[in-house]
Amino acid sequence: MPSWARAANPACVVALIHPKSGIAAARPTSNPQTMQIKSAVFVVSARGLTDCPQWDRPEFAFIGRSNVGKSSMINLLSNKDALAKVSATPGKTRLLNFFLMNDRWSLVDLPGYGFAKTAKHEKFDFNELVGDYLEQRPNLRRVFVLIDSRHPPQRIDVDFIAWLGTTGVAFSVVFTKTDKQSAAKTRSNITLFQASVAPQLAGEPAILASSTKTRAGRTEILRTIDQALTD
Ligand code: GDP
């Protein structure tokens, strides 16, 4: 099944933004309860695929540009104020940081992506390790790509999503920091983003909106994970 079909599968996604209206619509889910996070434990920082945990735990990866709000989101999801601090400690920012949640699934904090400045032009670039992980890790169930909702589509995010679409990995796009502007502005930026990625993907990506200030999106992300765990 292509990634977009998995990503947009109504059974997997709780809140979607309608492509035309830009309005978030609640969808029924087989599990209306939000997953409770009872434990969140740092496991390991991996510098290569061979360092990744040798386990059969399903993994859910989080990625986004620096300052997008990834650490805040990981802390919000885990209900721990400093969980993501582990990933920010010197030497770990370029590694894959694995956390074990509820002794059942793993949250993987991935290094961000950027543009490598070459002599002639800017080239889309991310840590080779991230590419290996996203393309080859059998445990990976879904990627949550965080994008700052305050801005119109940025080329780097569009390029990353387009590439991710080619991997066949299921993904959701999470628009962060929605508390920082009006709902209309958020909707407008999301609609612009959908229009930007549409020509590059075979279907519509699953989209969520979040704020660590209001806790918006937490339930939807956990439900998406919970649903994937029971599939
Ligand atoms: P990271 O670099 O992606 O890990 O980003 P951080 O989680 O460190 O967040 C960067 C900055 O944005 C910090 O000052 C956060 O307090 C702030 N921030 C993150 N998420 C939100 C949000 O949802 N709302 C608001 N208002 N600020 C946020």
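No experiment lies behind these values; they were computed from the predicted model shown. Counting starts at 1 for both ligands and their atoms, following the listed order.
Just one of Phe171, Phe99, Phe144 meets the ring pair (Phe, Tyr, Trp, His ring centres under 6.0 Å) condition when paired with Phe62; it is Phe144.
Near ligand 1, residues Arg65, Ser66, Asn67, Val68, Gly69, Lys70, Ser71, Ser72, Lys177, Asp179, Lys180, Ser211, Thr212, Lys213 each place a heavy atom inside the 4.0 Å sphere around the ligand atoms.
The existence of a salt bridge linking Arg57 and Asp103 is confirmed by a sub-4.0 Å separation between a basic side-chain nitrogen and an acidic carboxylate oxygen.
When the side chains of ILVMFWY residues are joined at heavy-atom separations under 4.5 Å, either directly or via intervening members, Leu95 and Val43 end up in two distinct hydrophobic clusters.
The side chain to side chain donor-acceptor pair (under 3.5 Å) contacts involving residues 73-83 comprise Asn79-Arg215, where partners must be two or more places apart or lie in separate chains.
A donor and an acceptor atom, one from each side chain of Ser45 and Asn97, are located under 3.5 Å apart.
Environment of CZ in Arg47: sparse, with no more than 12 heavy atoms of neighbouring residues, nucleotides or ligands closer than 6.0 Å.
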